[in-house]
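None of the values given here were measured: they were computed from a predicted structure. Below, chains carry the letters A, B, ... as their sequence lines are ordered, and counting in each starts from 1.
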Protein chains: 4
Amino acid sequence: MIEYHVRRRSGVPAYQQIVQQTEQALRLGHLQLGDKLPTAKEVVAATAVNPNTVLRAYQELQRAGLVESRQGLGTFVVGTLGQAENSAAGDLRRELTGWAAKARSAGLEREDVLALITSVVDQEFPPTAEPLPGAALRERS
Amino acid sequence: MIEYHVRRRSGVPAYQQIVQQTEQALRLGHLQLGDKLPTAKEVVAATAVNPNTVLRAYQELQRAGLVESRQGLGTFVVGTLGQAENSAAGDLRRELTGWAAKARSAGLEREDVLALITSVVDQEFPPTAEPLPGAALRERS
Amino acid sequence: MIEYHVRRRSGVPAYQQIVQQTEQALRLGHLQLGDKLPTAKEVVAATAVNPNTVLRAYQELQRAGLVESRQGLGTFVVGTLGQAENSAAGDLRRELTGWAAKARSAGLEREDVLALITSVVDQEFPPTAEPLPGAALRERS
Amino acid sequence: MIEYHVRRRSGVPAYQQIVQQTEQALRLGHLQLGDKLPTAKEVVAATAVNPNTVLRAYQELQRAGLVESRQGLGTFVVGTLGQAENSAAGDLRRELTGWAAKARSAGLEREDVLALITSVVDQEFPPTAEPLPGAALRERS
DNA sequence: GTGGTCTAGACCACA
DNA sequence: GTGGTCTAGACCACT
């Protein structure tokens, strides 16, 4: 059963954190087709968020076609996402774990590692650019 | 000169994105002691956020002791952060770049890679847990 | 419940006055762990500042780890500060009150008393010096 | 010769800090009738503020009738302020110094002492209240 | 021209 | 209803 961790100070809305963690679990294969998500009550007990916040996250996931809520039964996985758990994933994970160990013994902290990683990933997998706002405005007015 | 990229749709407050990108540039050595940050005006021109949003980010960095704003002159780096650019960093970056290439040829998308990476990093460098809010409150009435 | 008093003519930013008064209340024990700060609305009603100014003060206190804001609930004290209310404080306060009475009967005004006091305190508890700005800059270009 | 100390981070405008420190020196007798203030150049060397900032402070003092600038000669004290250095001041200062020593041995820090003192002084010498803004507006419109 | 503060108002996240 | 973020614009302090 997936366990959510909500960081209130991160600035990311609580319901989005739940959505993102669910999506990530789907990519990693931690959640499989048919798996049951924890009930809102359980999430509330574990994360101290408001029940409505959980419901909103689950609705978002349902609209994305990833889960389905059944009255009185719970919420179940009905979709898949990505390739992170294909045949090569085991190797990739092993290698990355080794890399992380090396980084730690070189004295890097968690934040250093994250900075380095995002730097490399942004270079190798460039994020889709965002149009400058105002473009739409300029056309309209 | 550092260039900021603000993603408005990410849910993360714009001012925090600027703070985080500055911190990352400090960790990676892209910003050095004495370097000048772009003026609020320049950031506004590049990112289309409001000047106050930039000022707020800079003030946050100033309170963290990382930069110092001098009226009429600009904002300057006065602190350092982390170890991401020590002797071993070059090797680590090279290896990680190779790993990323392998991941791509295995068919993983950016989101898959990020999911895999955060999974491994969270395991190897466990984030500091956040105390449940309300702990202090529960003792009282 | 703490009551704030903002002096607009003092030259000190309103949000800093709120921060300082909160810190002082913590030192004096007027605010205890778990206490609730007034809502932004209440402060606005009492001091005629803008809600955003109050929020900014509370955020500053939150970053200092002294309070914690919970959406929809309010802002609560989660940290302590200093020793001004330990066992000896009662005696010290009594003595100081007596001293103030003597000063008044000697014809000193409020401003005279403040001048005398800051002079003595600065001598007995030297303030931490502030580094000359630009030290880091001078090395560079 | 008076020495100014400008704390840039205090939020109080630099020129006001110079004015206030001059007034305080007058009250304490550290500056006497006829004394010469440091030249703008000297203040600049000591505090790293802009010459214009010093000039503005001196102009303010001149408008208050406390000093007088003579071209090519310098700026001189021509007024007095308060009673902080009358006959009883010596005793009061001595007592206060003793009190401060006791406070320190009780473990209070500078900030604790300041909190305690302002609390007592505000009670014994209540600051003149400030009319709520809007009062004037209500009459006008 | 650069940064700092404040106001006003809008919209969102959360309880 | 409470706090969080952002925008827009004004005014001030400083170089």
Does any N or O in the side chain of [X] come within less than 3.5 Å of the main-chain N or O of [Y], such that one atom is a donor and the other an acceptor?
X        : Y        : value
D:Gln20  : D:Gln17  : no
D:Thr22  : D:Ile18  : yes
A:Gln21  : A:His5   : yes
A:Thr118 : A:Leu114 : yes
A:Asp122 : A:Ser119 : no

Value in whole Å for how far the [atom2] atom of [N] lies from [atom1] of [X]:
X       : N      : atom1 : atom2 : result
A:Arg7  : E:dC14 : CZ    : P     : 16 Å
C:Phe76 : F:dT2  : CZ    : P     : 11 Å
C:Glu68 : F:dG4  : CD    : C1'   : 15 Å
C:Arg70 : F:dG3  : CZ    : C1'   : 12 Å
B:Leu37 : E:dT2  : CG    : C1'   : 13 Å

Stems in DNA chain E: runs of 3 or more consecutive Watson-Crick or G-U pairs, distances under 3.5 Å?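 Stem segments, range with range: E:1-14 with F:1-14.
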Separation between CG of B:Leu61 and CG of B:Leu37, rounded to the nearest 0.5 Å: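 Result: 7.0 Å between the selected atoms.
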Just by protein heavy atoms under 4.0 Å, how would nucleotides 5-13 of chain F read 5' to 3' in B, S and -? BBSBB---B
Using a strict 4.0 Å threshold on nitrogen-to-oxygen distance, state whether C:Arg70 and C:Glu68 make a salt bridge. no
Is a salt bridge present between B:Glu60 and C:Arg63, judged by a nitrogen-to-oxygen distance below 4.0 Å? yes
